[in-house]
Amino acid sequence: MNLLPRSLFGRTLLVLSAGLLFAEVASQVLNFFDRGSGVYRLAAQQTARRIAQSARILNRLAPEQRGAVIDEIIGPTFSVVLGRTPISVGEGFAEHDRYERDLAALIKFYLRSQWDTSVDITALGRERRPRNYEGVDTTPLEQWIARHFYFVLPGAFSVVAQITLEDGTNAVFYARMPQEPLSRLESLLPRLLLNLAIFVALGALAVGMITRSLERLARAAEAFGADPEGAPLRESGPREVRSVIHAFNRMRLQLRNHLQERAQMLGAISHDLQTPVTRLRLRAEMLDDAGRRAKFLRDLDEMEALAGSALEFCKSIGTELERHPLDVRALVASLCEDWSEAGRDVSLEGNPRSPYRGHPQALRRCVNNLVENALRYGARARITIDDDDKVLRVAVRDEGPGIPEQELERVFEPFVRLEQSRNRESGGTGLGLAIARKVARWHGGDIHLRNVPDGKGLIAELVLPRSPA
Ligand SMILES: Nc1ncnc2c1ncn2[C@@H]1O[C@H](COP(=O)(O)OP(=O)(O)OP(=O)(O)O)[C@@H](O)[C@H]1O
Ligand SMILES: [Mg+2]
């Protein structure tokens with residue numbers, strides 16, 4: 001299973017957020033340990049000074065006065081017990097020895113005398129029932145941290161300092177060290193989430209800006225592929241995107257010029273072909289053999305038809321047409337009449353709601369090509385006009401064999417004719433649909449072909465959007 005998001009948007013956002021999360025967690029953890037060690041250093045100094053001062057005071061007093069003074073100096077996190085011999089305290093972790101040595105040196109520094117001093121760091125509450133720390137109920141992570149970072153211990157820890165006073169009395173000081181409890185790390189979570197949320201929102205905005213531009217480009221490329229003769233794309237968006245669209249428009253213009261050049265050349269050839277064909281026709285008329293004459297003339301007819309439709313196709317490319325308000329119903333009706341008079345089976349239904357702004361001859365040719373196909377390949381043509389305020393549709397339905405699904409787009413290409421209609425007698429030159437689509441697209445619309453289910457014919461639909469103007 002591929003868990004990676006498929007879109008550029010998702011991927012970029014994922015990489016950025018993961019990076020931020022990692023950096024954020026790392027910096028919070030570093031911060032946490034840094035602050036913990038700072039707090040520890042301060043607390044250690046204070047505790048050492050307090051222990052040393054108390055020891056010096058107790059050392060000055062007579063044994064019977066000491067009890068009263070002790071009552072005054074002890075507190076919830078600090079206590080003193082006097083005895084004759086040193087007590088034994090749980091050893092704790094070897095890793096703590098360094099802290100213990102440092103604390104002992106600090107206490108000695110504040111004592112300003114070389115009295116016997118030993119320091120042990122041990123779990124709170126264990127100092128009077130000595131035991132090793134390993135036995136305490138903690139998770140392996142807490143133990144690992146307790147070993148290596150004394151100041152972030154899981155529970156409160158005590159410093160037990162034993163000092164032998166000048167009269168041989170052993171003074172045991174218990175002091176609780178302030179610590180960063182591990183649970184404080186959990187309190188960082190909301191902050192982390194807040195940061196992440198802000199970042200993701202901003203990131204989505206920025207990445208969205210980029211991907212929207214890309215989507216615009218993709219749409220532009222698609223529109224360009226569909227119709228190289230359409231209007232140029234609006235050059236907007238960030239500079240980079242604008243320059244790509246600009247390049248796109250230039251390419252479109254060049255391609256269009258190429259197409260026009262090609263069309264003009266084809267047009268010129270088709271046009272110039274007419275004269276030699278006419279000459280050939282005159283010569284063929286003079287042939288004595290009637291059979292050969294008929295064959296010659298048939299070939300010449302075909303050549304003429306080919307040149308004629310090629311010429312028509314070329315005329316439809318690159319010409320600037322003017323639009324007029326049209327009664328589409330009347331236009332299609334007159335066309336139907338022509339076909340009916342020629343004895344063909346055509347019918348017309350439906351009414352447009354209002355006149356459509358278009359080019360009359362071009363639209364007539366367009367619909368006529370669809371009707372011609374329907375009659376040629378499907379025997380009869382049923383035309384319906386359907387109109388709402390947004391699009392005007394003219395659908396031509398026949399009862400022929402239809403077109404295989406995979407060929408539905410290909411038949412629009414110039415000179416493409418399907419195998420079963422290769423027969424010249426039954427078909428034309430393969431330009432009809434190309435011309436019809438050209439006209440439709442010039443009007444901002446298109447032609448869609450779809451088969452009637454069960455091979456009961458084809459529907460060719462001319463879709464003409466009504467522009468708001
Ligand atoms: N209504 C239809 N039913 C079945 N096949 C069709 C239909 N319309 C078009 N076709 C197929 O699509 C091909 C291309 O059509 P197009 O109108 O472009 O060319 P044509 O009819 O062969 O020649 P032209 O229209 O230039 O005289 C046709 O040759 C035919 O095979
Ligand atoms: Mg045709």
Side-chain angles (χ1 to χ4, degrees), residues 226-227 229 259 262-263 266-267 269-271 273-274 277 298-317 332 335-336 338-339 342 344-349 361-385 393-442 445-463:
D227 182 16
E229 286 186 54
L259 283 177
R262 219 178 52 178
L266 189 66
I269 294 174
S270 325
H271 182 264
L273 215 56
Q274 283 171 344
V277 168
R298 210 175 43 234
D299 282 349
L300 284 171
D301 281 347
E302 210 172 283
M303 273 175 78
E304 228 165 26
L306 196 81
S309 39
L311 202 59
E312 197 185 342
F313 176 64
C314 298
K315 278 191 198 146
S316 70
I317 294 181
V332 179
L335 190 148
C336 289
D338 291 351
W339 283 108
R344 308 305 298 261
D345 185 357
V346 283
S347 67
L348 173 61
E349 254 174 57
Q361 278 95 48
L363 278 180
R364 192 189 152 94
R365 185 189 298 160
C366 171
V367 177
N368 190 51
N369 285 359
L370 302 183
V371 175
E372 188 187 28
N373 280 354
L375 292 175
R376 188 183 280 162
Y377 308 107
R380 60 185 287 217
R382 279 189 285 161
I383 309 170
T384 40
I385 298 176
R393 298 165 197 273
V394 181
V396 182
R397 181 177 173 160
D398 64 48
E399 284 160 15
I403 295 176
E405 292 292 324
Q406 70 275 14
E407 305 283 6
L408 282 177
E409 265 310 302
R410 207 168 68 86
V411 288
F412 283 104
E413 289 170 26
F415 301 110
V416 168
R417 314 193 60 240
L418 298 185
E419 213 52 61
Q420 66 262 33
S421 55
R422 271 287 165 224
N423 178 4
R424 275 256 163 257
E425 312 279 289
S426 74
T429 45
L431 284 169
L433 285 174
I435 292 171
R437 174 164 267 184
K438 196 117 261 163
V439 172
R441 288 195 172 163
W442 183 85
D446 205 353
I447 306 252
H448 301 298
L449 296 182
R450 64 175 188 279
N451 287 306
V452 182
D454 304 324
K456 293 213 182 93
L458 186 87
I459 300 174
E461 189 178 44
L462 165 66
V463 182

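In this text, all values refer to a predicted model and were calculated from it rather than measured experimentally. Atoms within a ligand are numbered from 1 in the order they appear, just like the ligands themselves.
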[X] heavy atom under 4.0 Å from ligand 1:
| X | value |
| --- | --- |
| G402 | yes |
| P401 | no |
| N369 | no |

(request) Could you tell me whether a side-chain N or O of D398 sits under 3.5 Å from a main-chain N or O of A381, the two making a donor and an acceptor? (result) no
(request) Examine distances only and state if a side-chain atom of R437 and a backbone atom of I447 form a donor-acceptor pair shorter than 3.5 Å. (result) yes
(message) Please report whether ligand 1 has a polar contact with I403, defined as an N or O pair separated by less than 3.5 Å (distance criterion only).
(response) no
(request) Begin with the C-alpha distance, continue with both residues' side-chain angles, and end with the deciding distance and a verdict on side-chain contact (heavy atoms from CB on, under 4.5 Å) for L449 and I459. (result) CA-CA 6 Å; L449 296 182; I459 300 174; over 6 Å; no
(request) Give, for atom CG of L462 and atom CZ of R393, the distance between the pair rounded to the nearest 0.5 Å. (result) 10.0 Å
(message) To the closest 0.5 Å, what do you measure between CD (E302) and OG1 (T429)?
(response) 10.0 Å
(request) Output the list of atoms in ligand 1 that are nearer than 4.0 Å to some heavy atom of G432, sorted by atom number. (result) 16 (P), 17 (O), 18 (O), 19 (O), 24 (P), 25 (O), 26 (O)
(message) Within the 4.0 Å heavy-atom shell around V416, which atoms of ligand 1 are there?
(response) 13 (C), 14 (C)
(message) If the threshold is 4.0 Å, N to carboxylate O, is there a salt bridge linking R380 and E399?
(response) yes
(request) Indicate yes or no: at least one non-hydrogen side-chain atom of R397 is less than 4.5 angstrom from one of E461. (result) no
(message) Within 2.8 Å of the Mg ion (ligand 2), is there any N, O or S atom belonging to N373?
(response) yes
For ligand 1, which part of [X] has a heavy atom less than 4.0 Å away: the side chain, the backbone, both, or neither?
| X | answer |
| --- | --- |
| L418 | both |
| L433 | both |
| D398 | side chain |
| E407 | neither |

(request) May I ask which of Y377, F415, F412 has a heavy atom nearer to atom 20 (P) of ligand 1 than the others do? (result) Y377
(request) Please say whether more than 12 non-hydrogen atoms of neighbouring residues, nucleotides or ligands are located less than 6.0 Å from CD in Q406. (result) yes
